[in-house]
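One structure is given below, encoded as structure tokens.
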Amino acid sequence: MTETTPRLPGDPSAQASVARMIRVDHAGEYGAVRIYQGQLAALRSRAKADLVRHMLAQEQRHLDTFTGLIADRGVRPTVLLPFWHLAGFALGAMTAALGERAAMACTVAVEEAIDTHYQKQIVALDQAEPDLRATISKFRDEELEHRDTGLAHGAEQAPAYRLLRAVIKTGCRAAIALSERI
């Protein structure tokens, strides 16, 4: 992607790489919105519901941005959106049904995976796409705020926190890999 990075035979073009980034980021933000919607459905009026609504509003803004980029740049969205629609909501609802701390543990796990993903994109974009790079960087900062919020609200005290976090992060990494390509 950077001008100093040589392309090898079979590597996608810079344009194809950017399209892949937009596709996967759109899918990820769609999944995040569905996770928070699932959490709200299970939490209802519990103490953390307002906190989740705030994070949902930020994720919705991220999704709206990537939806616009998909349209503006003619990027094909992933065909897995119907699956992420169900899987995201189910993940959010199931973790929130385990309790507020489990919902926060879900947030921590997802945002840690997204942090790594967005950081790789920021490095890959270098200065080739300054506006997209700035957008992803801003969204990464907000995702890190979500992670910190989850930690501050008891994520690590969730039952089986380490296992829950590991399973969710693995699922997120798989979702990223699938959504980039499919």
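All values reported here derive from a predicted model rather than from experimental measurement. We number each residue from 1, following the sequence as shown.
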Determine whether a donor-acceptor pair (N or O, by modelled atom type, separation under 3.5 Å) exists between the side chain of Arg133 and the backbone of Ile122.
yes
Minimum heavy-atom distance Glu100-Ala47, with the two atoms named:
OE2-N, 3.3 Å
Mind checking whether Arg73 and Val18 have side chains closer than 4.5 Å, heavy atoms only?
yes
Measuring from Glu145:CD to Glu111:CD, what's the distance to the nearest 0.5 Å?
10.5 Å
Is the side chain of Glu59 donor-acceptor paired with the backbone N or O of Ala32 at a distance under 3.5 Å, no angle test?
no
Salt-bridge test for Glu156 and Arg101: reply yes if a basic N is under 4.0 Å from a carboxylate O, no otherwise.
no
Main-chain N/O of Ile176 paired with Ser179 side-chain donor or acceptor, under 3.5 Å
no
State plainly whether one hydrophobic cluster holds both Leu43 and Ile168, where clusters connect Ile, Leu, Val, Met, Phe, Trp and Tyr through side-chain heavy atoms under 4.5 angstrom apart.
no
Given Leu40, Thr149, Thr107, the one that forms side chain to side chain contact (heavy atoms under 4.5 Å, CB included) with Val52
Leu40
State whether Arg147 and Glu143 are salt-bridged, where the test is any N-O pair (Lys NZ or Arg NE/NH1/NH2 against Asp/Glu carboxylate O) under 4.0 Å.
no
Find out whether Leu51 and His153 are in side-chain contact, i.e. whether some heavy atom of one side chain is under 4.5 Å from a heavy atom of the other.
yes
Residue pair Ile22 / Leu132, side-chain heavy-atom distance below 4.5 Å
yes
Inspect the contact between Lys120 and Glu180 and indicate whether a charged nitrogen and a carboxylate oxygen are less than 4.0 angstrom apart.
no
How close do Ala27 and Trp84 get, counting heavy atoms only, and between which atoms?
CB-CD1, 4.0 Å
Mind checking whether His62 and His146 have parallel, tilted or perpendicular rings, split at 30° and 60°?
parallel
Separation of Asp25 CG from Thr135 OG1 (nearest 0.5 Å)
10.5 Å
May I have the step-by-step check of side chain to side chain contact (heavy atoms under 4.5 Å, CB included) for Tyr36 and Gln60, ending in yes or no?
CA-CA 10 Å; Tyr36 286 124; Gln60 184 62 57; over 6 Å; no
Salt-bridge test for Arg53 and Asp50: reply yes if a basic N is under 4.0 Å from a carboxylate O, no otherwise.
yes
Are a donor atom and an acceptor atom from the side chains of Asp115 and Gln119 found within less than 3.5 Å of each other?
no
Hey, is CZ on Arg76 packed in by over 12 heavy atoms from elsewhere, all under 6.0 Å?
yes
Are the side chain of Thr78 and the backbone of Leu81 linked by a donor-acceptor contact shorter than 3.5 Å?
no
Phe89 to Ala41 - nearest heavy-atom pair and separation:
CZ-CB, 3.7 Å
Is there a path of hydrophobic side-chain contacts, each under 4.5 Å between heavy atoms of I, L, V, M, F, W or Y residues, that connects Leu69 with Leu125?
yes
Look only at the side chain of Arg34 and the backbone of His85, and say whether a donor-acceptor pair between them is shorter than 3.5 Å.
yes
Check whether more than 12 heavy atoms from other residues, nucleotides or ligands sit under 6.0 Å from atom CZ of Phe83, and answer yes or no.
no
